[in-house]
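Beneath this line is the structure, given in structure tokens, with notes to follow.
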Amino acid sequence: MTDAPATDELTPPVRTLMGPGPSDVHPRVLRAMGTPLVGHLDPAFLDVMDEVQELLRYAFRTDNQWTLPISGTGSAAMEAAFANLVEPGDTVLVPTNGYFGHRMASMAKRAGGTVVSVDAPWGEPLDPRDVEDAFETHQPEVFGFVHAETSTGVRQPAVPELTGIAKAHDAFVIADTVTSLGGVELRVDEWDIDVAYSGAQKCLSCPPGASPITLSDRAMDRVLARETPVRSWYLDLSLLEGYWGDNRSYHHTAPVTNVYALREALRLVAEEGIERRWERHRRVARTLVSGLAELGLERYAAEEYWLPSLNTVRVPNGVDDTALIEQLLSEYGIEIAAGLGDLAGEVFRIGCMGHSARPANVHHLLAALEETLETHRS
Ligand SMILES: *Cc1c(COP(=O)(O)O)cnc(C)c1O
């Protein structure tokens, strides 16, 4: 029999989280997680649910009634979007310009969709002309795109142009806003996005576990009018409606503590003001990007589609990215990440999200990078 590990070995160190998520959790959110549990149908909890839904509408910039947190991480909200919107036989258009577009393809396929793609190289956004061409060729029912591609540090500009094309072809738009919600300008209603999903541990600076999603009435009508039931029972929005809609009846036990955390994180967003929060991300990330340039690190994504919440820079010649990342973690307690997929070994990914988007974090990271780069370059 193995011995029980000593208790202190179970305590992870305090880190500065500047990777692609999770980001640093605000102390108020950590305290909210110590709130005593109540039942998931307790009247007091129903009030918490109402408040979370209202605050989510504020953060998403939407009046959508169907706005709720999905139990699970961002991928669960992503799967809820595709599993509910896609019926077997539907054609689904997805992007190829990053890691998460490929995940969309896998999920759409599992939902029974026929997947077609609109191509752009990794590191570039989609060109509306290519989206238009793909619509002409394939006539998809559903079009997914990634607003903030965490694998490349690219922000998709011209979102209203993309949704306009989809609307002209009577299609539904699903937007991955995991790395933009609460950090980068996002206007669900004004930009005419049918379904947007997100995660808790990126720009909302909340522990992972309850992930926002919002659907327009038009999208929810489509879900309620499906000919075949959603293949996932757990993520079936027509059933989740029973709990998060007016009835408030049992479907599954809500992750009560995660919902407390999400409420506190969203209260912080509302207190700061969503537009000021976008502005803070831009300002702090600008300091980061300038500092990285001074260290001789070349930016990967172009300025026009810069994503303040996730900054990519090229790994300099002769530098071992894995070794440098390990040293930052072990000697300075700072987490940044390596490239993913096509960009493995090519870039560093540096997050600047939510409570991590603070000048103190940026200066700490830049000073640590200056010292570590020196040892790794020689
Ligand atoms: C992190 C992320 C996801 C997946 O979220 P998980 O919480 O890891 O399941 C999806 N899309 C994008 C763009 C992400 O950055």
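This chain uses plain numbering: 1 for the first residue, then up along the sequence. Each ligand, and each atom within it, is numbered from 1 in the order the structure gives.
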Do the numbers put R286 on top of the ring of W306, so that NZ or CZ is under 6.0 Å from the six-membered ring centre and no more than 45° off the axis?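 Yes, a cation-pi geometry holds between R286 and W306.
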
Top protein contact for [atom], by heavy-atom distance:
| atom | value |
| --- | --- |
| atom 3 (C) of ligand 1 | F100 CE2, 3.4 Å |
| atom 2 (C) of ligand 1 | K202 NZ, 2.7 Å |
| atom 11 (N) of ligand 1 | D176 OD2, 2.7 Å |

Could you list the atoms of ligand 1 found under 4.0 angstrom from a heavy atom of [X]?
| X | result |
| --- | --- |
| T179 | 15 (O) |
| G74 | 5 (O), 6 (P), 7 (O), 9 (O) |
| Q201 | 6 (P), 7 (O), 8 (O) |
| T150 | 12 (C), 13 (C), 14 (C), 15 (O) |
| S75 | 4 (C), 5 (O), 6 (P), 9 (O) |

Check this for me: does any side-chain nitrogen of one of [X] and [Y] sit under 4.0 Å from a carboxylate oxygen of the other?
| X | Y | value |
| --- | --- | --- |
| E275 | R187 | yes |
| R222 | E87 | no |
| R129 | E132 | no |

Ligand 1 contact by E149, heavy-atom criterion under 4.0 angstrom: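 Checking ligand 1 against E149, which is what was asked, there is no heavy-atom contact under 4.0 Å.
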
Hey, does A148 sit under 4.0 Å from ligand 1 if you only count heavy atoms?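 Under 4.0 Å: yes for A148.
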
Quick one: are D194 and R218 in side-chain contact, heavy atoms under 4.5 Å?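 Heavy-atom side-chain distance check passes, below 4.5 Å.
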
Hey, are the side chains of K202 and L181 touching, using non-hydrogen atoms and a 4.5 Å cut-off?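 No, side chains not in contact.
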
Name the orientation class of the two ring planes belonging to F82 and Y197 (parallel below 30°, tilted from 30 to 60°, perpendicular beyond 60°).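 Because their plane-to-plane angle is over 60°, the rings of F82 and Y197 count as perpendicular.
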
